[in-house]
Q: 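First the structure, which I've put down as structure tokens, then a few questions once you've had a look.
In listed order, ligands and their atoms are each counted from 1.
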Amino acid sequence: MDLVVKNGTIVTASDTYQADIGVQDERIVQIGQGLDAGGAARVIDARGKYVIPGGIDPHSHLDTPSMGTYMSDDYLTGTIAAACGGTTSIINFCFQEKGKSIHDSLEHYHPRAKGRAVVDYGFHGMISDYNDAVAREITSLPEAGVTSIKLFMAYRGALMVDDRTLVQTLDQASRAGILVMVHAENGDAADLMQQRLMAEGKRDPKYHAVSRPPRVEAEATGRAAALAEVVGVPIYFVHVSCEEAVEEIRRARVRGVRAMGETCTHYLYFTEDDLDRPGFEGAKWVYTPPARKAHQPPALWHALANGDLILVASDHCSFNFKGQKELGLGDFTKIPNGAPGIEERLMGVYQGVVEGKIGLNRWVDLVSTTAAKTFGLYPRKGTIAVGSDADLVIWDPNAELKVTQSALHQNVDYTLYEGRTFRGVPQIVTLRGQVIVENRQHVGPPGTGRFLARTRWGA
Ligand code: DUC
Ligand code: ZN
Ligand code: ZN
């Protein structure tokens, strides 16, 4: 055997039990009590620890241009941070440049990831310049291993698509086994509010939240869900930030629509008050949809516990405070939208277990299993079973980490969680049986990650 993990408590989305795990040729080949570790190349003693399937982050942005600047994490730094946080697979958005096809964007991103990423990676298509040619090429994406695509209902005059484009894409994509992901905010309303606030001299980061209140998100969520219902197809809502949007998803589901929503770690922790931190510091919390009022994080935890929301992604989208967030000094509409969080995600959601908001198995479901099932990776990823890839996290439930920017691995000059202590820390991480993190440090060369060709929705 290449690796035996002994004495740990295996936690999957459905079960918690004590057993050893045997790994050979990148896969789990045995699970049982008292496995013979004799002759194994490596033995990990996981006594007193949880052994969970590697985290799957289905929403990250690396090495991508945005709002006149460039994200600070590339496929090396971003995936090292992911690995150190217990994530062994990511699905990254491939930005479609104006005048280029979606296949062009895949060709652009493949060499950026290959030889650099240290965890496995897949790609989402992303439509930012819709035209007939793009419409025609959508159906061929699964042949390239890409079975999901994102559309924007926000960012009027830039990325926003109209309802015609949305219904057309929903129709075409779903017939090809592609899941449509939607950034649901009413772009016209947000645009008008931005203009009004700027004209009134309201230019500070805190007005980011004022310009796109919950109803802006809920309106688009309800509309997109209704259009998915009319077309008779599933729909996936990225970065759900508020109970009003959750309510629209729930209503759609009650009507029989296959509407799915993710939230992101930062929506579980931060509020509009963070956008109003002294000086310009609030710019660190400018992500879209924005941080909400204080009653929203508990409502989102509740939605995760009861199944109204199906998973937690990072929406990792890192810009340095110095020189990048500062582009929006004096004009909140120019602050690059996004925040880092790829490393903090598993620990951030685990605090819900520590605090009794969710159970241990639900945690695994939220950070790994459901993403694998939703995005065509299960059961190769997202569980601990014979035949699955040996992506394992040895999780110490008693260790604590005081989060500081310097204690993390992402290439950005801040963390939203500075000074917080997380209980429950990933200690050792394996990718297909190879140890890539030990004592919270990345070990091994760049390029251990492989492209994940994903199966079609519903396959
Ligand atoms: N949407 C994202 O998913 N990430 C960054 C900004 C945005 O609008
Ligand atoms: Zn978005
Ligand atoms: Zn995003």
Q: Measure from the Zn ion (ligand 2) to each N, O or S atom of A154 and report whether any distance is below 2.8 Å.
A: no
Q: Has H59 got an N/O/S atom less than 2.8 Å from the Zn ion (ligand 3)?
A: yes
Q: For the side chain of D73 and the backbone of D63, is there at least one donor-acceptor N/O pair under 3.5 Å apart?
A: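 No, the answer is negative, given that no donor and acceptor are paired below the 3.5 Å cut-off.
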Q: Quick check on contacts: which atoms of ligand 1 are under 4.0 angstrom from a heavy atom of Y155?
A: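 Near Y155, meaning under 4.0 Å from one of its heavy atoms, ligand 1 has 6 (C), 7 (C), 8 (O).
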Q: Going by the atom numbers of ligand 1, which of them fall below 4.0 Å from some non-hydrogen atom of H239?
A: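 Close to H239: 1 (N), 2 (C), 3 (O).
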Q: Charged N to carboxylate O under 4.0 angstrom, R255 versus E229?
A: yes
Q: Going by distance alone, is a donor N or O of one side chain under 3.5 Å from an acceptor N or O of the other, for S318 and S72?
A: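 Yes, side-chain donor-acceptor contact under 3.5 Å.
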Q: Quick one: report the N, O or S atom of H183 that is nearest to the Zn ion (ligand 2).
A: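 Restricting H183 to its N, O and S atoms, the minimum distance to the Zn ion (ligand 2) goes to ND1.
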Q: Could you list which atoms of ligand 1 come closer than 4.0 Å to a heavy atom of H61?
A: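 Here the atoms of ligand 1 in question are 2 (C), 3 (O), 4 (N).
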Q: Have a look at I149 and tell me which of V182, I178, L179 forms a side chain to side chain contact (heavy atoms under 4.5 Å, CB included) with it.
A: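 Per the side chain to side chain contact (heavy atoms under 4.5 Å, CB included) rule, the option paired with I149 is I178, out of V182, I178, L179.
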Q: Please identify which atoms of ligand 1 are closer than 4.0 Å to at least one heavy atom of H183.
A: 1 (N), 7 (C), 8 (O)
Q: In ligand 1, which numbered atoms sit nearer than 4.0 Å to a non-hydrogen atom of K150?
A: 1 (N), 2 (C), 3 (O)
Q: I need the NE2(H239)-the Zn ion (ligand 2)-NZ(K150) angle, rounded to 10 degrees.
A: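 Once rounded, the angle between the two atoms at the Zn ion (ligand 2) is 120°.
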Q: Distance check below 2.8 Å: does H61 bring an N, O or S atom to the Zn ion (ligand 3)?
A: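 Looking at H61, which is the residue asked about, there is an N, O or S atom under 2.8 Å from the Zn ion (ligand 3).
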